[in-house]
Every structure is written in C-alpha cells, then in structure tokens.
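Mind having a look at this structure? Questions to follow.
By convention here, the first residue in the shown sequence is residue 1. Note that ligands are numbered from 1 as they come in the structure, with each ligand's atoms numbered from 1 the same way.
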Amino acid sequence: VSAPVADGRRVVSDLRELARLTGGPGGAGRVAWSDGWRRARQWLTEQLAELSCEVTTDPAGNLLADLPGEAGGFVMVGSHIDSVPAGGWLDGVLGVLSALEVLRAWAEASEPPPVGLRLVDWADEEGARYGRSLFGSSTATGLLDPMDYALLVDVDGVSFAEAASECGVDLATASGARRSLDGAHAYLELHIEQGPVLERTGRRVAVVTGTAGVRRRTLHLTGEAAHAGAAPMDMRRDPVLAAGRIVGAAADLAVERGGTATFGSIAAHPGIVTIVAERCDVVIDLRHPQIDALSGLVDEVDTAVANICNDAGVRAEFEPQWSIDPIPFDPRLIDLARAACTHAGLEPAVMASGALHDAAPVAELVPTVMLFTPSRRGISHSPTEDTDEADLIAGVKVLGALASSTLEWAARQQ
Ligand SMILES: [Zn+2]
C-alpha cells in the first residue's frame with residue numbers, strides 16, 4: 001500500500017481560515033460551549049462533509065468523523081478545537097486540523113485505510129469556563145462522572161448543565177460517550193509544546209513519551225509572632241525564613257532529579273511589615289515524568305522540610321491539594337513515531353510533557369502517543385502563541401506518516 005502524504009500547507013491554510021472565522025487580533029475565541037466554539041465546529045463539519053465521511057457527536061459532545069477501513073476498528077487522530085479566552089491560533093486546533101488533513105489524504109487515496117480512521121475533537125479540553133479541564137476525553141474514558149459537573153457555574157451564574165444542554169449534551173446520559181472508544185486500536189495527537197524545551201533543541205518535532213505526574217500540596221508553617229526590631233535573629237521562630245530555605249532546597253532537589261518544583265503561592269500571616277510572621281502557607285507543586293523519581297522527590301522534599309523546620313523551631317503540616325500519577329505513552333507507538341520522523345527525514349527530540357492533554361486520560365485505555373511541534377519562545381494560551389510554518393508542516397508530515405504505520409500496525413493486531 002502506498003500511504004498517502006498529509007500536506008501541511010493545507011493545514012496551515014485551514015488554521016489561518018479558522019483563526020479568521022473565530023479569532024482575530026484579540027486571539028482565539030472558541031471557549032467550549034460558546035457561539036465561537038459552535039461556529040468552529042460548524043466549519044469543521046463542512047470540511048468533513050466534503051470527504052463523505054460520517055460525522056457524529058457522542059453523548060459527551062465529542063465530535064467524531066469516521067472514514068471506514070478495510071478491516072474493523074479504527075485509529076483515532078485528534079485533539080481539541082476549543083480554546084482559552086483570547087487564546088492562540090494553534091493550541092488544540094493544530095491537532096484537529098491535522099487529523100482533518102490525514103482523513104482528507106486517505107479519502108483522496110486509491111485504497112481505503114487498512115482499518116478505519118476516526119477524527120476526534122474532544123469537548124471542553126481547556127475547562128476555561130468552568131475551571132475543570134479534559135471534560136470530553138475524561139468522560140469517554142470513564143475517569144469522570146459528568147454529573148459531578150452539573151452544578152458548576154460560570155462567572156455569569158450559568159450552570160455547566162445549562163451550557164452543555166444548549167449544545168445538545170445532556171449530562172445525565174453523557175457517560176454513554178464511553179462507547180466512543182469501543183473498537184479503538186490507537187490514539188494519535190499532534191500538539192504544540194506550549195513550553196520552550198523543544199525550541200531550544202533546534203528540532204522541528206518531538207516524540208512525546210508520556211505526561212508528567214503531579215503532587216501538589218499546601219505546606220502550613222507555624223512559628224511565633226514577634227517584634228521586627230526587638231526580637232534578635234537567633235531567638236526567632238520565623239516561618240517565612242523556613243519557607244525561603246524550603247523553596248531553595250526543593251528547587252535544588254528538583255533540578256537534581258530532573259523534575260520541577262513550583263511555589264505558585266506563598267502567604268505570610270498576619271502580613272504586617274513590623275511583625276515576624278506567625279504563620280506562612282506555601283503551595284508546593286512537584287512534577288516528574290517517572291513515578292519512582294516523583295516519589296523520591298516528594299520524600300526528599302519532606303525530609304528537607306523536616307530538617308529545616310526543626311532548625312527554625314517551626315511546625316510543618318502538609319495539606320494535599322491535587323495529584324496525578326505520570327502517564328506513560330505506548331512504547332510500540334513511541335517506536336512507530338520515531339520511525340515516522342526518520343521516514344520524514346527528521347531527527348526528533350524525545351521528551352515528556354509537563355502539561356496534561358486529552359491523550360493522558362485516553363492513554364489509560366487505548367495505546368496512545370503524542371507529537372509536539374515547537375512553541376516560539378515557549379508562549380501559549382496567548383494571542384502571541386506561534387510556531388514557524390516549516391515546523392507546522394514538518395509536524396503534519398510526521399503525523400501523516402505515523403497514522404499510516406499505525407493503521408498497518410492496527411490491521412496486523414487483528
Ligand atoms: Zn491544548
């Protein structure tokens with residue numbers, strides 16, 4: 001079978017057209033469940049209609065388009081068309097419009113694909129309006145009970161249930177989207193990196209090995225309030241001083257382990273300039289793509305916290321906030337993705353994703369791999385988000401080659 005070639009120039013022109021329709025100088029306006037989102041999907045549906053494939057929306061609002069194959073089951077290719085408010089022209093959309101191009105290439109080919117090809121546009125990946133991301137993909141994988149979202153309200157007091165129902169999604173039956181994965185052999189997603197790592201390597205494409213795990217906790221430090229002038233330094237129990245040392249120690253440990261440590265919120269109480277604080281709360285977010293290294297990092301940070309607080313005469317208490325384990329992608333598909341890069345004449349970077357994507361929940365049930373293209377200066381979720389056109393074209397080419405080898409691989413699995 002001579003596999004059809006996905007043409008990145010068509011994807012770039014589609015991206016620009018969609019940006020004109022649903023964006024502008026202020027950035028992308030495709031927040032899930034909004035008019036802009038529906039307009040984008042209407043446009044996508046019109047493009048798909050020209051390929052004579054079957055377009056449906058599942059009970060969670062995921063848009064699916066199927067091109068039948070020679071054998072049963074299907075390979076899924078996709079991402080999300082929704083954006084954050086004033087978002088970029090590539091985040092999510094790149095993966096959906098590249099999937100459109102892969103379908104288009106196969107629809108124009110002389111033979112049908114070895115197994116079916118399914119485009120998927122996951123609903124509400126960003127969670128921009130209700131603060132919870134990955135709605136459609138997590139519902140389809142059964143990791144989330146959609147009814148948990150029913151009572152969430154947006155800034156205007158509109159409930160998630162109302163907003164979804166305006167778009168034809170009934171939360172009471174949304175879990176039926178689990179059937180959308182029946183028959184899925186694999187899931188492929190091309191996305192911009194949204195960080196600066198790939199750009200620094202000088203490579204055009206990265207094969208993504210998985211998503212990093214997260215351990216996010218608030219550290220409550222309690223010392224003793226004292227007078228800023230009258231209390232000598234060696235007689236203080238200052239929780240802010242302890243926090244500063246903890247920040248330094250945890251950052252060093254993260255560097256040693258190849259992970260990240262972020263302290264996005266630090267608050268001193270009572271927060272008066274002439275008082276040595278009585279309490280200090282620090283949110284510590286630790287991430288690593290490997291579970292053992294993540295656990296090791298957490299243990300080492302805990303030991304550092306205990307030692308520093310002991311020295312400082314400060315009491316420490318952790319309150320869990322949120323955590324998720326690292327999610328590794330499928331090693332067979334990672335190999336196919338590397339081979340697809342070679343096939344396209346490109347040397348890929350190989351990296352884990354620090355950010356979560358729809359591919360993370362999907363990978364729990366379906367063999368999955370992702371590809372990244374670089375983000376200029378690492379900027380995303382902003383109207384200035386950008387990627388060189390040559391990189392976009394390279395990414396699409398690799399995705400097309402990967403889709404072809406995955407379709408053949410899936411056919412051999414039967
Ligand atoms: Zn995205």
Those residues that, when tested against Ile379, pass side chain to side chain contact (heavy atoms under 4.5 Å, CB included) (two or more places apart): Arg377, Ser382, Thr384
Sequence neighbours excluded, the answer for side chain to side chain donor-acceptor pair (under 3.5 Å) partners of Trp33 is Asp124
Sort by chain and number the protein N/O/S atoms that are closer than 2.8 Å to the Zn ion (ligand 1), and list them. His80 NE2, Asp91 OD1, His191 NE2
Heavy atoms, side chains only, cut-off 4.5 Å: are Asp358 and Glu189 in contact? yes
Can you tell me if CZ on Arg245 sees more than 12 non-hydrogen neighbours from other groups inside 6.0 Å? no
With a 4.5 Å limit on heavy-atom distance, are the side chains of Met76 and Thr368 in contact? no
Sequence neighbours left out, what passes side chain to side chain donor-acceptor pair (under 3.5 Å) with Asp170? Give chain and number order. none
